[in-house]
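What follows is a set of notes on a single structure, which appears directly below.
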Amino acid sequence: MATDLIPLGDPSLRQKVRLELVVNEERRDLVIDGYKSLLELLREELQLTGTKHGCELGECGACAVLLDGQLVLSCLVAAVECDGRSVQTVEGMQNGPTLHPLQSCFADAGAAQCGYCTPGFLLAAKELLERKPDATRAEIAEALSGQLCRCTGYLQIFEAVEAAAAQLRGGR
Amino acid sequence: MREIRYLSVAAEGPAIRALQADTDATYLAGGTSLLDLMKLEVLNFAQLVDVNAIPLTKIEVSNDGARIGSMVRNSDLALHPEIAARYPLLSEALLSGASPQIRNMATVGGNLLQRTRCYYYRDPSTACNKRNPGSGCAAIDGYNRNHAILGTSDHCIATHASDMCVALAALDAVVHTQGPGGERHIPFAEFHRLPGDHPEIESVLQHGELITAVSLPPPTGLRQSRYLKIRDRASYAFALSAVAAALRIEGNLIRGARIALGGVGTKPWRAVEAEQALVGKPANRATFTLAAAETVRGARTRPHNAFKVELTRRAVVRALSTIRGAS
Ligand SMILES: Cc1cc2nc3c(=O)[nH]c(=O)nc-3n(C[C@H](O)[C@H](O)[C@H](O)COP(=O)(O)OP(=O)(O)OC[C@H]3O[C@@H](n4cnc5c(N)ncnc54)[C@H](O)[C@@H]3O)c2cc1C
Ligand code: SF4
Ligand code: FES
Ligand code: FES
């Protein structure tokens, strides 16, 4: 690690900053450009391109990730805010070669067409089902209301989440 | 490329000192109103002082009222069991705003100071007195469908976009601050400023003044309430018109009333005359209609937002009727 880096605490966002965070349960020690958003950190520094660039303004949900377990929009989180924190992205959802039930149910139900919105939906649904395993259709719609999809019309997405919830409750 | 400095602080003192030392610095909370506007180069601060680590995160509810730390997230506040039970108007208003993701990030302090959603304000290629004082107002002669009809001036007609603030206006909240000059306790009606000649100044806060908490008096007689938000789609949209209403009805007579409006005012709009038109009257549709007319008295409309007058009247009648029906 170079020693001439400005330590976290008073970095200029134009300069390099050093961050330590946990991404998908793996510790990462990074030196990045200070101006980057969490979204850019994930995609450009870690090549985790599952998290999508959409509006960049908090309006579409394509960039949603779990930050310390909370669903947030990574386009509106500065990377420097994430020192010492834990991030989960869509890449962390599957268990080895086995897809998460939400992932397989999205595939089975045709809940993805172009797929651009899918990672955000998967994480929003995961966060919901961990909190409310028997969420109703209305609760699912509310939890996903900040995720926009221009292709599916949402019905297949709701059905996929319900199917996954049933599988997860069944202990599979 | 512009240089932006970043400092994370864990206590109020260092936060305030950091802003005192730099007139071009601002506080960063949830970032949902600040970072988008910095990306758009609407706001161009040279330093961000991240206040997320300051532990102003308590919600205290007692018979004396409630005190809510400024760093409490909008989602935590909306779902807090005692807030939901004693101040359902506040929960309802919060849950009608933005999306769960944004509410997880947004703080109480940031929500109070969220910027307008005027399309021209958000577009640096246009004239806007709020963004660039003295440059003019593209909205007045432009497309002004989402703009204000109450409290406007010849210099700005932008709405205050918050839902939470409409409930806080109705609930007589007090904003507590800590700043270079010590503590202040600002009644909600005095916190936001009308645009007047200086639309760029949106609140009475001084540079460096940190919002520490919002407090609410006991909700005496205010539990029968309703937040009604009218918007272009059923979720995840800003209000075209919103009504926060509470009634205390005894027998058939209205003994107490609160009404505040969102989506139509240049600041969260308390409709005091409408409240006065309700008190002492029978709780029926005729009374509600008279009060509704009071809420928009003096409205100044523009070509594309004149519909908000009738929309607001009807929303007020509906909100009051719903409360009446439930009581
Ligand atoms: C797509 C989208 C849709 C939305 N829809 C709605 C909606 O329907 N209804 C609604 O009400 N809102 C809506 N919002 C707005 C949202 O509620 C606000 O952006 C949010 O409340 C701002 O809080 P924050 O903590 O993120 O503030 P920040 O962005 O961090 O800060 C906003 C301002 O407040 C200042 N500030 C923050 N904390 C303090 C403090 N403690 N003391 C002094 N100054 C402080 C900052 O310096 C900054 O100027 C929406 C936002 C987006 C992006
Ligand atoms: S209404 Fe206000 S914010 Fe919008 S363009 Fe005019 S001055 Fe700017
Ligand atoms: S890219 Fe973050 S919300 Fe659209
Ligand atoms: S599948 Fe294309 S945006 Fe949702």
Side-chain angles (χ1 to χ4, degrees), chain A residues 6-15 17 33-40 55-85 120-121 123-125 127-128 131 138-148 154, chain B residues 1-10 14 18 21-22 25 28-42 45-53 73-76 78-79 95-106 110 114-115 117 122-123 231 233-238:
Chain A
I6 300 188
L8 194 76
D10 64 337
S12 150
L13 295 192
R14 197 165 70 172
Q15 285 166 292
V17 292
D33 288 324
Y35 63 81
K36 289 197 172 182
S37 64
L38 172 59
L39 173 61
E40 290 162 332
C55 64
E56 285 281 340
L57 299 170
E59 293 169 5
C60 75
C63 65
V65 299
L66 300 177
L67 181 59
D68 293 334
Q70 287 249 305
L71 192 68
V72 301
L73 301 172
S74 62
C75 70
L76 293 185
V77 178
V80 284
E81 292 182 66
C82 299
D83 191 44
R85 304 181 71 180
F121 270 102
L123 289 165
E127 188 273 342
L128 171 69
R131 193 159 40 83
E139 287 166 338
I140 294 170
E142 162 60 18
L144 301 182
S145 63
Q147 306 295 131
L148 302 189
Y154 301 101
Chain B
M1 193 196 269
R2 254 173 340 104
E3 182 163 313
I4 304 167
R5 276 163 294 117
Y6 171 88
L7 177 70
S8 174
V9 292
D22 186 347
L28 170 66
T32 63
S33 185
L34 183 59
L35 294 183
D36 59 338
L37 291 168
M38 288 186 73
K39 289 186 190 188
L40 294 169
E41 300 191 2
V42 170
F45 292 104
Q47 177 165 15
L48 296 179
V49 177
D50 182 347
V51 291
N52 283 289
R73 305 290 154 176
N74 285 185
S75 47
D76 293 333
L79 301 175
L95 291 175
S96 78
S99 64
Q101 298 79 326
I102 291 171
R103 296 195 294 268
N104 282 343
M105 305 168 77
Q114 67 169 284
R115 300 305 200 277
R117 305 299 289 196
R122 295 174 66 83
D123 175 359
R231 43 188 158 173
R233 55 175 185 234
S235 69
Y236 201 24
F238 287 92

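Below, chain A is the first sequence line, B the second, and so on; all start at residue 1. A quick note: this is a predicted structure, and the numbers were derived from the prediction, not measured.
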Atom pair CG (A:Leu73) and OG (B:Ser99), whose distance is rounded to the nearest 0.5 Å: 6.0 Å
Side-chain donor-acceptor pair present, A:Gln70, B:Gln101, cut-off under 3.5 Å: no
Top contributor to chain B interface from A:Leu67, A:Val77, A:Leu71, A:Leu144 [non-hydrogen pairs under 4.5 Å]: A:Leu71
Toward chain A, the part of B:Arg103 with a non-hydrogen atom under 4.5 Å: side chain
Let me check something: any side-chain donor-acceptor pairs from residues 30-37 of chain B under 3.5 Å, sequence neighbours excluded? List them with distances.
residue: B:Ser33; atom: OG; partner: B:Arg115; partner atom: N; Å: 3.0
residue: B:Asp36; atom: OD2; partner: B:Arg122; partner atom: NH1; Å: 3.4
residue: B:Asp36; atom: OD2; partner: B:Arg122; partner atom: NH2; Å: 3.4

Region of A:Glu127 that comes under 4.5 Å of a non-hydrogen atom in chain B: neither
Rounded distance (nearest 0.5 Å) linking atom CG of B:Asp50 with atom CD of A:Glu81: 5.0 Å
Residue pairs, two or more places apart or on separate chains, that pass salt bridge (Lys or Arg N to Asp or Glu O under 4.0 Å) and touch residues 61-76 of chain A: A:Asp68-A:Arg85
Check: B:Tyr236 and A:Leu148 side chains under 4.5 Å, non-hydrogen atoms: yes
Electrostatic pair A:Glu40-B:Lys39, nearest N-O below 4.0 angstrom: no
Engaged part of A:Cys75 at the chain B interface, taking heavy atoms whose separation is under 4.5 Å: both
B:Asn104 side-chain N/O to A:Val72 backbone N/O, donor-acceptor pair under 3.5 Å: no
